[in-house]
Amino acid sequence: MAVAAIGGDTHMGQTVILGVIGSDAHVVGITILEQALTAAGFDVENLGVQTSKAEFVSAAESEDAGAVLVSSLYGHAEQDCQGLHERLADADCDAVTYIGGNLAVGQNDWAETEDVFRELGFDRVFDAETDPEAVVASLERDLDHTTTETERVSVNS
Amino acid sequence: MAVAAIGGDTHMGQTVILGVIGSDAHVVGITILEQALTAAGFDVENLGVQTSKAEFVSAAESEDAGAVLVSSLYGHAEQDCQGLHERLADADCDAVTYIGGNLAVGQNDWAETEDVFRELGFDRVFDAETDPEAVVASLERDLDHTTTETERVSVNS
Amino acid sequence: MLRDDRIPGDQLRETASELRDRWPTGADADFEDAIEFHESLPASKRFADVLESADRPLLQPRAGVPRLDDQIELLVHLETEGGADLLPTTIDSYTRDNEYEKAAEGLAEARESGNDTLNGFPAVNHGVDACRELIQSVDAPVEVRHGTPDARLLAIVTLAGGFQSFEGGPISYNIPYTKEHDLEETIEHWQFVDRLCGAYTERGVRINREPFGPLTGTLVPPAIAIAVMIVEGLLAATQGVRSLTLGYGQVGNVVQDVAALRALRELGEEYLPDDAVVTTVFHEWMGGFPPDEARASGVIGLGGATAALARPDKVITKSPQEFQGVPTREANAAGLRTTRQLIDMMVEQEILIDGIDEEQNLIERTARSLVESVVSHGDGDVARGTVAAFDSGALDVPFAPSDSAAAAVLPARDDDGRVRILEWGDLAVPDETKEIHEARLDERARTEGRSRSFRMVADDVDAISDGKLIGRPTPSDGGGPGDGVDTRGGESDAD
Amino acid sequence: MLRDDRIPGDQLRETASELRDRWPTGADADFEDAIEFHESLPASKRFADVLESADRPLLQPRAGVPRLDDQIELLVHLETEGGADLLPTTIDSYTRDNEYEKAAEGLAEARESGNDTLNGFPAVNHGVDACRELIQSVDAPVEVRHGTPDARLLAIVTLAGGFQSFEGGPISYNIPYTKEHDLEETIEHWQFVDRLCGAYTERGVRINREPFGPLTGTLVPPAIAIAVMIVEGLLAATQGVRSLTLGYGQVGNVVQDVAALRALRELGEEYLPDDAVVTTVFHEWMGGFPPDEARASGVIGLGGATAALARPDKVITKSPQEFQGVPTREANAAGLRTTRQLIDMMVEQEILIDGIDEEQNLIERTARSLVESVVSHGDGDVARGTVAAFDSGALDVPFAPSDSAAAAVLPARDDDGRVRILEWGDLAVPDETKEIHEARLDERARTEGRSRSFRMVADDVDAISDGKLIGRPTPSDGGGPGDGVDTRGGESDAD
Ligand code: B12
Ligand code: B12
C-alpha cells in the first residue's frame, strides 16, 4: 500500500463520512482509509465500527457530506444496507455513496455481489483488494465533478 | 509403507517378472516392489528400468512366469505397452499381467486411464498410490487361483 | 461493585434462571441433566483431557454454518478429510450481539433457501438437543468459538449441549469485537460464564476455557497479548476454571513467535494457580491474508513451520481462502493438511535458533509490567484493575474499535520483521523497554531512508497480503507477479 | 582415449557438422548467426548475468509441452501469473533418447489432436527458428532442462536458438536417467556440449551450465550430490564454461539442507577455477510427493522456508500436482507463488540455527574424500577418474538405475531426519565418517526398537508422501486423515 503525500490540497471542504455498518467491528480497513483520505486533503468524519444506518444518515445530513463511504467486512453487508439509500434520499442527501470491503458471505461471485449493491443504490462498489489510493482518486474525480456541476447550475439560474 | 515380514512362504515357485517399460528410468518404485515381493516369498525376476516389450516377453517365456508386472511412471505407458499382450499371446504366455505407476501424461481422469489399460489387455491396473502390500495380496490371490484352475483342468482332461 | 471474587452459588443459579427465560431454548438447559450428558461422553470427547495429554500440537480449524445438518457434515468433513484433532463451532454475528430474533430469521431463511445467510451456527436458536446431536455426530471434542461480549446464554445452552470448551474472555471478546460494550459489564458477564464452567468443573466435567489471544489480529505486540491472557486467566481461575488454554496469534517473525509462545507458557504457569492446567494455542496469522490461495498457503506454511518449532499444545489453522470469505469445507480441510504436513515433517527435527531467549526475556519483562500495572490499578483486584488500566491507557490494544480502549498504541515492524511499538500512548511499560523498541524502529527507518511514521504502520498492515513481511516503501507501487485473481481489485463503476 | 582435456576447435567443428546432419533442423544451426542472435537479446535475457547479479533467490519452475504456441503461452503464464524470474523449457523423453523420429510423430499427433502426447518440448524437431520465437516471446532468460545422456544435437539447436542456460552433465544425466548408456561415452558427449558452451563464452555469450544436483531425487546423501557437482563442474570448466550453477535437492532436514548448500558453495568455489562464476541452485523436494495438493503445498512450503534460510542463488520450484503428473500451468504458477510468499516473508529475518557448521563440516569432509578419490582413480584426470570411480563403487548414487553405477549405497534417515548412509558398498569415505553415520542410525534403530535394515529405507522413501519426514514403523498401517483424493489408491480389478 502506498499512502499519498501528507498535505495535498483540501478538496472543496466537502466532508467525507466513513464508517463500518451494522454490527461489524473490523476497524483496520477504515483506519487505513481515514489516514489515506486525510493525507490526501479530505475532511473525514470517521464514525467508527458498528455504525447504524441512522447514524450514517444523520452524520451525512448534519455535515452536508459530499460522500458517504460504507465499509463492511463480516459478510452481512446486504442485510445491513437495506433501506440506507431511501433514508438518505428522505434526508435530501445527494452525497455519492461508496461501499467497500468483503461484501458477501463465503466464496461468492464478485459480479453478482457487485450487482446486489448497485441495486441497493451505491454509486461505486469496491472489493477487498482495493488500494486506498484508488479510493482517493475516485473521490477526487467524483467530488470535483459534483462541485463543478453544482457551480454551473448556480451560474445558470 | 509397511513391508511384509521377511521369509513368508514361497508362492508355488512361479516367477514374477518385474520391470519398467519403454525408456522410463524411474527405478524407485520397482526397487520397493521387488523388496516387498521377495520378502513375501515370491520369486522375482527384476528386469530393471528401460525394458523393451521384447525383453518382457522373452523373460516371461523363459521363466514360464506366473505374472508379469509392468511399471511406468513417466507418462508414456500407453504408447510403450501397445502390442505387448499380443506378443505375450504369441509366445503362449498365460501369465497374469499387472500394470502400475503413473500411467498418463498430465492431470487425467483415473477411470479413463484405467479403461485404456484394460483395453490393452492388463488384468489389473494400479495407480501410483498403491501400497506394495496390496500388490502382494493381489498376487497371492491371482497366482494361487491360477494354479488351482490349471490343476482342475488337468484332472478333467 | 466489580470485584475479582467468585460468584456465590445461589447468585449463579439466580442469574442463570433469569437468562434462561430470555429465549425459549433456555428452558431445556438443565444443569443436572447436562452433567449426566457429559458423563455419558467417551474419553475421546473430553476436551481438556484430550488437549492436555497430547504429545504433539493438535490442530483445530474454525467453522460454522447456520443449519445443524450442514454443521455436522462440515465437522465430519474436517475430521475425516482435514484430520482435525479438535473441532470448532463458530457462532454467527447476530447471536454474538444477543439478537436471537434476527438469528432466528436468518436460520429460517437458511433452511428455506439452502443458502448460508448467517456467518455461523446460531447455537442458542438451535437449542440444547441440537447441540447434543452435533456432539454425538462427531468423534473429536468440540469447542464453541464466537466473539460474544455477553456470552452467558450462549454458554448456558452450549455447555448443557455437550460442548466442553468455550472460547473468549471479557477483554478479548470485547476490545477487538465491539465499539460500545462497557468493559466492566463485560467482565461481570464473563465472570458468570467462568463461574458456570467452574460449576461443571466441580462436578468433574472440566470445561476448557480459551481466552482469545490474537485480539485484533493485526500486528499485536506479543507482550500485550500475553498480558491480556494472564489477566483473563486469573479472572477465570477465580471462578473455578481449571483448564486454561492461553492464546497467541502469529506475527510472522519466527524468533519472536517462538519467544512469545514460550513467554506465554512461562508466565501462564507463573501467574495462574497451580490447580489450573495451563496449555497454549497458536493461531496462524490472523491479519489480512493474500488474495490468492497459493500465496495464502505460503502464509499457512510459515504458520505450520513456526508451530513445529514452538510446539504449542494446539494450533488454530487458517484456510487458503481466508482473504475471500468464509471458506469452503474443502479449503478449510486443505489448510489443516498443509499445516499438518509441515508440522509432521519438522517436529522431529532439532532446530535450535539463536536469540530466542533474549526476545523472550524482553517480552516477559514487558508483559509482566503490564500485568503488574493492572494489579496495581485495581489495588490488588484484577477485575477492577483491568477496567482502570484500559481507562488510563496503561493497558491498550492496537486497532481496538472499542470505546473502552485508548487504541493509542501503534505497532510497526523493525528491520528484522519483529513487531515493535511505534506509538506508546500511556502503555505501562518501562522506559528501558521503550528505548529498545525505538532503537529497533530507528534502525528500520534508516534502512528505508524515511522517518518513523504512520505510513510504516499502514504499509506493515498490508505487507503480508502483498507478499512480504515488512512493509518497505517501494519505488513503483504497481507491477509484481499476478496474484491468480482475475481483477487486480478495486472499484466497479456504477455508471 | 578419454581425457579431461579441452576439445580442439577443429574437432569441435567437425563433430558439430556431423551431428547437424543427423536431423534436418540441424542445418539451421549456424554458429555466427547464433552469436548475432544472442547479441541482439536485451540484458534481461542474459541468463548468466541475471542469475549472478540477483540479490535474492530467483525462482524457476519446470515446464514443457509439445507445441510451440502452447509452450509460449505456458511460459508467459508462469512469468506473469507465477512471477518466475527464470524460465525453463523441459524437453520430452523421446528427444532425450535421441529418437527424433518418434518425437516428430508425437509432435504431429499433438498438433492434430491438441493433446499433449509428449511429456515435453521436442526442441530439436522444432528447430532453431522456433526456439528463437520462444525466446523472443518471453521476458525472462530461458534454460533447457532435460535429462539427455547425449545432448549434443539438442545443445547445437537450442543454443543456436537463443537459450542461454543448459542443464545436465555426464554423471547427473546418465546415472539417474538411463540403464545402458556407457559412462565414458556420455562424458565425451558432454565434453562436446561444454566445449560448445565454451565456444559461445569465448565470443562473449556466456552460456550458463547447470549440472543436475538432485540425481535420483530420492534420499541422496548431500556429500554424494556435492561430489558429483564438483566433478561435473571441473569437466565443464576444462571445456571453457565460465558460468556454473551447482545443484542440490532438498532432503527435508532444515539443518542438513542449509549445511549442504553452504558446503556446495564452499567446495564449488574451492575446486573450480577462479574465472568460472559459481552459483547454487536449490531444488525443492525431488522425491515422492503426497497425493494431495494441500499436503504437497506443505512440502513446497518447507522448501521455500529452507531456501529463505540458505539463500541459494536459484530455487527450482515444485507444483502441488507433482504427485499426479505433469501439472497444469495454474498449479505450476501456484507452486511458484507459495514458494515466493515464504521466501519473501522469511528472507529479511535473521534466523541463526545452531549446529549447521558441524553438519557442513561433515558433509565437506565426505564430499572432499569422494572428489579426491575420483582424482586419484584417474591418476589426476577427472574424466577417467569418474569412470573408474563409478566402476569400483568408490563413487556411487543410491537408487541409480544405470549399469554404470554400483547402486550399492543405501541411504536412511537418522533420528533427527538427516540422510545418512546405511549401506556403503565401496564408497570412498573415511572410516571416521562411517562411524558417525552408523552411530546416528543406531540411535534411530533404538528409538524405533528395530534393527537397521532395508525396511527403514523403504519406509523413508515413502515417508514424505505419507506425511512425515522419517519413516517410523506404525503400529497400525491404515487410518490417518483423508488425503483429499477420492480413492485411497490401489488397484482396479479388471474382472
Ligand atoms: C483481522 C480480522 C478480524 C479481526 C478484526 C479486528 C478488528 N476489530 O478490526 C477479528 C479477529 C476481531 C475478526 C473478527 C471477525 N471476523 Co474477521 N477478519 C479479519 C481479516 C483476517 C483481516 C481484515 C483486515 O483487517 N484486513 C486489512 C485491512 C487493511 O483491509 P480491509 O479490512 O479489507 O480494508 C481494505 C479494503 O477492503 C477496502 N475497504 C474496506 N472498507 C471499505 C469501504 C469503502 C467505501 C472502500 C472504498 C473501500 C473499503 O480498503 C481497505 C484498505 O485497503 C479478514 C480476512 C482477510 N481479509 O484476510 C477476516 C474476515 C473479514 N473476518 C470474517 C469474519 C466472519 C469475522 C467474524 C464474524 C468472526 C468469525 N467468524 O470468527 C468476526 C466479526 C466480529 C465483528 N463483530 O465484526 C470473514 C468475513 C466473511 C465474509 N465476508 O464472507 C473474513 C473474510 C475471514 C474469513 N475468511 O472468514 N476478524
Ligand atoms: C524421483 C522422480 C524422478 C527421478 C527418478 C530417479 C530414478 N531413476 O528413479 C528423476 C529426477 C531422475 C526423474 C526423472 C524424470 N521424471 Co520423474 N518423478 C520422480 C517423482 C518425484 C517420484 C517417483 C518415485 O520415486 N516415487 C516413489 C516410489 C516408491 O513410488 P512410485 O514410483 O510411484 O511406485 C509405487 C507405485 O506407483 C506403485 N507402482 C509402480 N509401478 C508399479 C507397477 C505395478 C505392476 C504395480 C502393481 C504397482 C506399481 O508401487 C510403487 C511402490 O509403492 C515423481 C512424482 C511423484 N510421484 O511424486 C516424478 C514423475 C513420475 N516424473 C515425471 C517425469 C515427467 C519425469 C521426466 C520425464 C522428466 C522431466 N520432465 O523432467 C524424467 C524421466 C526420465 C526417464 N527417462 O524416465 C512425471 C511423470 C508425468 C506423468 N506420468 O504424467 C512425475 C509424475 C512428476 C511430474 N509431476 O511431472 N523423476
Side-chain angles (χ1 to χ4, degrees), chain C residues 77 79-84 252-256 290 292-302 304-305 320 330-331 333-355 413 415-418 463-464 466-470 472 480-484, chain D residues 77 79-84 252-256 290 292-302 304-305 320 330-331 333-355 413 415-418 463-464 466-470 472 480-484:
Chain C
H77 182 89
E79 227 176 352
T80 56
E81 295 304 308
N253 176 284
V254 173
V255 169
Q256 192 172 35
D292 163 24
E293 298 193 17
R295 293 203 284 117
S297 292
V299 177
I300 291 170
L302 183 54
E330 287 78 15
L336 281 160
R337 295 202 304 277
T338 298
T339 304
R340 173 60 74 207
Q341 182 78 23
L342 262 151
I343 293 183
D344 283 0
M345 283 180 68
M346 288 182 70
V347 80
E348 291 190 277
Q349 300 181 35
E350 186 176 68
I351 302 175
L352 301 173
I353 300 174
D354 288 353
R413 293 192 188 273
D415 224 25
D416 192 58
R418 304 186 196 184
I464 286 183
D466 287 349
K468 315 262 163 180
L469 184 68
I470 309 172
R472 306 284 193 195
D483 50 20
Chain D
H77 182 89
E79 226 175 353
T80 55
E81 295 304 308
N253 177 284
V254 174
V255 169
Q256 192 172 33
D292 162 25
E293 297 193 17
R295 294 203 283 116
S297 292
V299 177
I300 291 169
L302 183 54
E330 287 78 16
L336 281 161
R337 295 202 304 276
T338 298
T339 304
R340 173 61 73 208
Q341 182 78 23
L342 262 151
I343 293 183
D344 283 0
M345 283 180 68
M346 287 181 71
V347 81
E348 291 190 278
Q349 300 181 35
E350 186 177 67
I351 303 175
L352 301 173
I353 300 175
D354 287 354
R413 293 191 188 274
D415 224 25
D416 193 58
R418 303 186 197 183
I464 286 183
D466 287 349
K468 316 262 163 177
L469 183 68
I470 308 172
R472 306 285 193 194
D483 50 22

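Please read these numbers as outputs of a predicted model, since none were measured by experiment. A, B, ... follow the sequence lines: proteins, then strands. Residue 1 opens every chain.
With a 4.5 Å cut-off on non-hydrogen atoms, C/P320 does not touch chain D at all. Only the side chain of C/R472 has a heavy atom closer than 4.5 Å to any heavy atom of chain D.
With a 4.5 Å cut-off on side-chain heavy atoms, C/L469 and D/D344 do not count as touching. Inter-residue side-chain proximity for D/E348 and C/D415 is flagged as unmet; no heavy-atom pair is nearer than 4.5 Å.
Listed here is the closest heavy atom pair of D/E350 and C/R418: O-NH2, 4.4 Å. Scanning both residues, D/G252 and C/Q349, for their nearest heavy atoms gives O-NE2, 2.8 Å. The two atoms that bring C/M345 and D/L302 nearest to each other are CE-CD2, 3.5 Å, heavy atoms only.
Among C/L336, C/V299, C/I300, C/V255, the residue with the largest count of heavy-atom pairs under 4.5 Å with chain D is C/V299.
Although no hydrogens or angles enter the test, the distance criterion places a donor-acceptor pair under 3.5 Å between the side chain of D/Q341 and the main chain of C/I464. Remark: side-chain polar atoms of D/T338 are not paired, donor with acceptor, to backbone N or O of C/G298 under 3.5 angstrom.
Taking NZ from D/K468 and CZ from C/R340, the interatomic distance works out to 7.0 Å, rounded to the nearest 0.5 Å. The CG atom of C/L342 sits 12.0 Å away from the CZ atom of D/R295 when rounded to the nearest 0.5 Å. A distance of 9.0 Å separates CD1 of D/I353 from CG of C/D354, quoted to the nearest 0.5 Å.
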